[in-house]
Amino acid sequence: MSMSKKKFDNNKVAIIGTGKVGMTGAYALLLQGVANEILLIGRDKQKILGEKLDLEHGMTFLSPTTIMVSDDYAQLAGSDVVVVTAGAPQEDAETRLDLAAKNIAIIEDITKQIVKYAPDAIVIVVSNPVDVLTYKAYLKAGFPKGQIFGSGTVLDTSRFRFHLGQYLRVNPRSVHTYVLGEHGDSSLPFLSGANVGGQKLTEFPNLTEEKIQAAYEAARDAAYHIIRAKGATYYAIGVMIAQLVDSVLRDAKSVLPVSIPLHNYHGHSGISLSVPCLIGRSGVEKIFNLEFSRREESMFAESVETVKKYL
């Protein structure tokens, strides 16, 4: 992958898919002042021209950012990061894996365009089912390992930490644990190394196993409740997109549970699932090999088998 200084200095972020998730991601990027240029690619050019104007009218209060819109993939050229949010959305009572048949063809077509016009870009897949689509994009692109990754269980982990923080009455950022595996129903909470301030999560007297399980289930099932209540989930996802892009552009070396193609991870290969990864300017720069309990080992294997059925 080309790593010239010019590529680093562009800070150009392309978002493919301008629905609620893509546009909320663009808005979060603007608020954080992460990108010098944001390119919005969508099929309805009139709609995205309106989105561009709406965003630009707040620019007086924000860091200078150029916003471009297009329905032409050739405009991807020079992008440092490409975020893919395009695809059919999750409907009420529909699992993320139910979207696989609809969205695999879409992600493969988009990947072809990225390879053609932005072969040096770091690619972040957000569309669901993110684990299936990340692996399909990885196979299609033929990019070096780490250049393509999925948003994975970053949001699941944030939700889990939030609910645990409520029980413990501490800031969720001080709760150190992850949700791993599938971004979906077969995910698993990583509790073996979970701690707050170095104290094991399981040693807090007011935090029972039942409460930990309730916090995990609230995180796992959150999307179903939100979709049932308001039709879609996008605010927290938008913030997550901005966090991932920021980690890449600023070479932040953040450790986040993103979906990455696995090669003999606890004996598993040929699939993308979420495990803790070091995120920097080259994308995923390191994968952390966690020590699982016997139960976690079994649950991770179950997650592998669940997702592989859709590949």
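For reference, positions follow the sequence shown, starting with 1.
- For the atom pair Y138 OH and I107 CD1, the distance stands at 15.5 Å (nearest 0.5 Å).
- In this structure, L290 is not a member of the same hydrophobic cluster as I212, with clusters built from ILVMFWY side-chain heavy atoms closer than 4.5 Å.
- Here the straight-line distance linking atom OG of S186 with atom CD of E305 works out to 10.5 Å at 0.5 Å rounding.
- Between K52 and E56, at least one side-chain nitrogen of the basic residue sits less than 4.0 Å from a carboxylate oxygen of the acidic one, meeting the salt-bridge criterion.
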Requested in this report: For side-chain hydrogen bond (donor to acceptor under 3.5 Å, both in side chains), just list the numbers for S282 and Q147, CA-CA rounded to whole Å, side-chain angles, deciding distance to a tenth of an Å, and then say yes or no.
Outcome: CA-CA 6 Å; S282 300; Q147 190 176 344; over 6 Å; no
Query - Full working for side-chain hydrogen bond (donor to acceptor under 3.5 Å, both in side chains) between D156 and H183 - result: CA-CA 7 Å; D156 310 64; H183 174 50; 2.6 Å; yes
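- Counting heavy-atom neighbours within 6.0 Å of E302 CD, excluding the residue itself, gives a total of 12 or less.
- Residue I260 comes nearest to G146 through the heavy atom pair CD1-CA, 4.0 Å, listed as atom of the first residue, atom of the second, then distance.
- For the pair I287/K145, a side-chain contact is recorded, criterion being any heavy-atom separation below 4.5 Å from C-beta on.
- Counting heavy atoms from C-beta on, the side chains of T66 and I38 never come closer than 4.5 Å.
- Between the side chains of T134 and S272, not a single donor N or O lies within less than 3.5 Å of an accepting N or O.
- Atom CG of D72 sits about 7.5 Å away from atom CD1 of I41, to the nearest 0.5 Å.
- Among V154, I124, T157, the single residue meeting the side chain to side chain contact (heavy atoms under 4.5 Å, CB included) criterion with M240 is V154.
- Scanning both residues, G184 and R220, for their nearest heavy atoms gives O-CG, 4.0 Å.
- Other residues, nucleotides and ligands contribute over 12 non-hydrogen atoms within 6.0 Å of the NZ atom of K253.
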Report task. Could you please spell out the steps behind the side-chain contact (heavy atoms from CB on, under 4.5 Å) verdict for F149 and I279? Result -> CA-CA 10 Å; F149 63 91; I279 311 295; 4.2 Å; yes
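- For the pair D131 and Y310, the minimum side-chain heavy-atom distance is 4.5 Å or more.
- Nearest heavy-atom pair, I148 versus A141, reported as atom, atom and distance to 0.1 Å: CD1-CB, 3.6 Å.
- Scored by the ring-ring contact (aromatic ring centres under 6.0 Å, His included) test, F190 finds no partners at all (sequence neighbours excluded).
- Looking only at side-chain heavy atoms (C-beta outward), L40 and M23 come within less than 4.5 Å of each other.
- Atoms CG and CG, on L133 and L311 in that order, are 9.5 Å from each other to the nearest 0.5 Å.
- Atom CD of E296 sits about 12.5 Å away from atom CZ of R294, to the nearest 0.5 Å.
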Query raised in the report: side-chain hydrogen bond (donor to acceptor under 3.5 Å, both in side chains) between E209 and Q213: does it pass, once the steps are laid out?
Result: CA-CA 6 Å; E209 286 187 19; Q213 182 64 22; over 6 Å; no
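- No side-chain heavy atom of V275 sits under 4.5 Å from any side-chain heavy atom of H266.
- A donor-acceptor pair under 3.5 Å links the side-chain atoms of N195 to the main chain of G193, judged by distance alone.
- Ring centers of F292 and F300: under 6.0 Å apart, within the cut-off.
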Report task. Apply side-chain hydrogen bond (donor to acceptor under 3.5 Å, both in side chains) to the pair D54 and Y27, showing each step before the final yes or no. Result -> CA-CA 10 Å; D54 200 7; Y27 182 54; over 6 Å; no
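- Taking 4.5 Å as the limit, some side-chain heavy atom of E182 sits within range of a side-chain heavy atom of L273.
- Both the sub-6.0 Å distance and the 45° axial angle are satisfied by K230 relative to the ring of Y234.
- Side-chain contact check for S303 versus T306: every heavy-atom pair is 4.5 Å or farther apart.
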Report task. Decide yes or no on side-chain contact (heavy atoms from CB on, under 4.5 Å) for K20 and I237, but give the supporting numbers first. Result -> CA-CA 10 Å; K20 291 176 178 175; I237 297 171; over 6 Å; no
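- Under a hydrophobic clustering in which Ile, Leu, Val, Met, Phe, Trp and Tyr are joined whenever their side-chain heavy atoms come within less than 4.5 Å, directly or via other members, V239 and V179 fall into different clusters.
- V255 and V245 end up in the same hydrophobic cluster when Ile, Leu, Val, Met, Phe, Trp and Tyr side chains are linked at under 4.5 Å.
- For the atom pair CD1 of I122 and CD1 of I114, the computed distance is 11.5 Å after rounding to the nearest 0.5 Å.
- Looking only at distances, no side-chain donor or acceptor of S79 sits under 3.5 Å from a matching main-chain atom of V82.
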**Report entry** Residues E51, K47; criterion salt bridge (charged side-chain N to carboxylate O under 4.0 Å, His left out); working and verdict
**Finding:** CA-CA 6 Å; E51 299 281 16; K47 175 185 179 292; 2.9 Å; yes
Requested in this report: Might you work through the side-chain contact (heavy atoms from CB on, under 4.5 Å) test for L29 and V83, ending with a clear yes or no?
Outcome: CA-CA 12 Å; L29 284 169; V83 180; 5.8 Å; no
Query - Check against side-chain contact (heavy atoms from CB on, under 4.5 Å), H163 and K211 - result: CA-CA 9 Å; H163 290 296; K211 285 184 177 179; over 6 Å; no
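- Not one N or O on the side chain of D71 forms a donor-acceptor pair closer than 3.5 Å with the backbone of G42.
- Note on V258 and I271: same hydrophobic cluster, where clusters join Ile, Leu, Val, Met, Phe, Trp and Tyr whose side-chain heavy atoms are under 4.5 Å apart, directly or indirectly.
- Between Y216 and F160, the ring planes lie perpendicular to each other; the angle is over 60°, past the 30° to 60° tilted range.
- Of all heavy-atom pairs spanning L256 and S247, the tightest one is CD1-OG, 4.1 Å.
- Within a 6.0 Å sphere centred on CD of Q199, other residues, nucleotides and ligands contribute more than 12 heavy atoms.
- For S70 (side chain) and Q75 (main-chain N/O), no donor-acceptor pair under 3.5 Å exists by modelled atom type.
- Within a 6.0 Å radius of CD in Q46, other residues, nucleotides and ligands contribute 12 heavy atoms or fewer.
- Two residues are said to be in side-chain contact when any heavy atoms from C-beta on lie closer than 4.5 Å; L39 and I67 fail this criterion.
- T24 places no side-chain N or O within 3.5 Å of a backbone atom of G22 that could act as its donor or acceptor partner.
- Put simply, L31 and M59 are part of the same group of oily side chains (I, L, V, M, F, W, Y) that touch within less than 4.5 Å, one to the next.
- A donor-acceptor pair is defined here as one N or O able to donate and one able to accept, closer than 3.5 Å; such a pair exists between the side chain of S274 and the backbone of T153.
- Not one N or O on the side chain of Q166 forms a donor-acceptor pair closer than 3.5 Å with the backbone of F162.
- Y178 carries R161 over the face of its six-membered ring, with the cationic atom under 6.0 Å from the centre and within 45° of the normal.
- Listed by chain and residue number, D246 satisfy the salt bridge (Lys or Arg N to Asp or Glu O under 4.0 Å) test with R250 (two or more places apart in sequence, or in another chain).
- Proximity of a side-chain donor or acceptor of S127 to a complementary backbone N or O of N103 within less than 3.5 Å is not detected.
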